[in-house]
Amino acid sequence: MARRFCSWAASAYTGAIGRHPIPTKMVTVAGLTVTGDLNAQSIEAIKQQRLLNFDGQRSLALTSFCTLWAGVAGHFWYNLMEKTMPQATGGWRVALAKVFWTQCVWNSLFYLPAFYFWTGAWHGRTMEESAVKLRAEYWHSLTACWSTFGLGNILLFKCVPAQYQVSVISFAQFTFSTMISLIANRDGPAVQPQQHCIEELMMP
């Protein structure tokens with residue numbers, strides 16, 4: 001019964017990817033991202049020994065960004081990678097080249113700045129405040145990004161067909177959503193970005 005259900009679900013998802021690739025990927029990313037943020041908020045509540053008070057604005061900011069970035073932009077990015085560097089022709093060399101362009105260029109130079117300015121706008125921060133927060137947390141967030149998606153990207157580009165890559169990496173998105181949410185929100189709404197930056201510099 002379970003095997004039959006899994007086979008049916010896989011077939012249905014494959015059909016949805018084929019008919020409506022971008023909406024299907026957006027729904028996949030959104031579901032896993034909001035779950036990751038809820039997980040992060042639950043961890044924070046446990047660490048602070050308090051009841052969970054779900055922050056919907058925070059979750060909406062994170063989920064809306066990841067849905068557009070991973071679900072839409074990711075669709076075109078992974079297809080571009082496959083078009084310019086077909087996996088069938090290069091093996092590990094091509095897979096590692098795709099990892100380099102994705103992690104060292106796409107995520108490092110575009111994803112993280114876009115993330116902080118987008119979520120900062122949702123939280124009412126000015127561009128300057130978002131820039132201060134980005135500078136303070138950049139290496140923590142980048143390390144989380146590389147540690148979560150680095151190995152995942154290697155396996156992704158080596159083993160997964162392009163049309164499924166956004167959906168498969170979305171499972172890593174759950175882990176990363178938890179990590180980036182904890183990093184980006186650990187100062188809380190009452191702490192100003194400048195204060196958080198000083199606190200970051202004082203950490204060992």
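- Partner S141 forms a side chain to side chain donor-acceptor pair (under 3.5 Å) with one of Y116, Y111, W146 and no other, that one being Y116.
- Each salt bridge (Lys or Arg N to Asp or Glu O under 4.0 Å) pair with one or both residues in residues 95-111, not counting sequence neighbours, appears once here: E82-K98.
- For residues 16-34, no residue pair satisfies the salt bridge (Lys or Arg N to Asp or Glu O under 4.0 Å) rule, not counting sequence neighbours.
- Using a 4.5 Å heavy-atom threshold, the side chains of S130 and W118 count as separate.
- To the nearest 0.5 angstrom, F117 atom CZ is 9.5 Å from T126 atom OG1.
- Ring-centre distance between W77 and W106: below the 6.0 Å cut-off.
- Between the side chains of T102 and Y78, no donor-acceptor pair of N or O atoms lies under 3.5 Å.
- Crowding of W69 atom CH2: a count of heavy atoms from other residues, nucleotides or ligands under 6.0 Å exceeding 12.
- Listed by first and then second residue, the salt bridge (Lys or Arg N to Asp or Glu O under 4.0 Å) pairs that reach into residues 103-123 come to none, sequence neighbours excluded.
- Applying the salt bridge (Lys or Arg N to Asp or Glu O under 4.0 Å) rule to pairs touching residues 153-164 yields nothing, sequence neighbours excluded.
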K133 and E129: CA distance, side-chain angles, deciding distance, salt bridge (Lys or Arg N to Asp or Glu O under 4.0 Å) verdict: CA-CA 6 Å; K133 188 171 179 64; E129 289 171 339; over 6 Å; no
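- Between S59 and D37, the side chains place a donor N or O and an acceptor N or O closer than 3.5 Å (distance only, hydrogens not considered).
- The hydrophobic clustering, which links ILVMFWY residues whose side-chain heavy atoms are closer than 4.5 Å, places Y164 and F76 together.
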Just distance, no hydrogens or angles: give the donor-acceptor pairs under 3.5 Å from side chains in residues 89-96, sequence neighbours left out.
{"unit_1": "T89", "atom_1": "OG1", "unit_2": "P86", "atom_2": "O", "d": "2.9"}

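- No side-chain heavy atom of F54 sits less than 4.5 Å from a side-chain heavy atom of S42.
- In this structure the side chain of L155 never reaches within 4.5 angstrom of the side chain of V160, judged on heavy atoms.
- Contacts of A45 classified as side chain to side chain contact (heavy atoms under 4.5 Å, CB included), with partners at least two apart in sequence or in another chain: R50, L52.
- With hydrogens and angles left out, the side-chain atoms of D55 and Q41 include no donor and acceptor closer than 3.5 Å.
- Residues I22 and M26 have side chains in contact (heavy-atom distance under 4.5 Å, counting atoms from C-beta outward).
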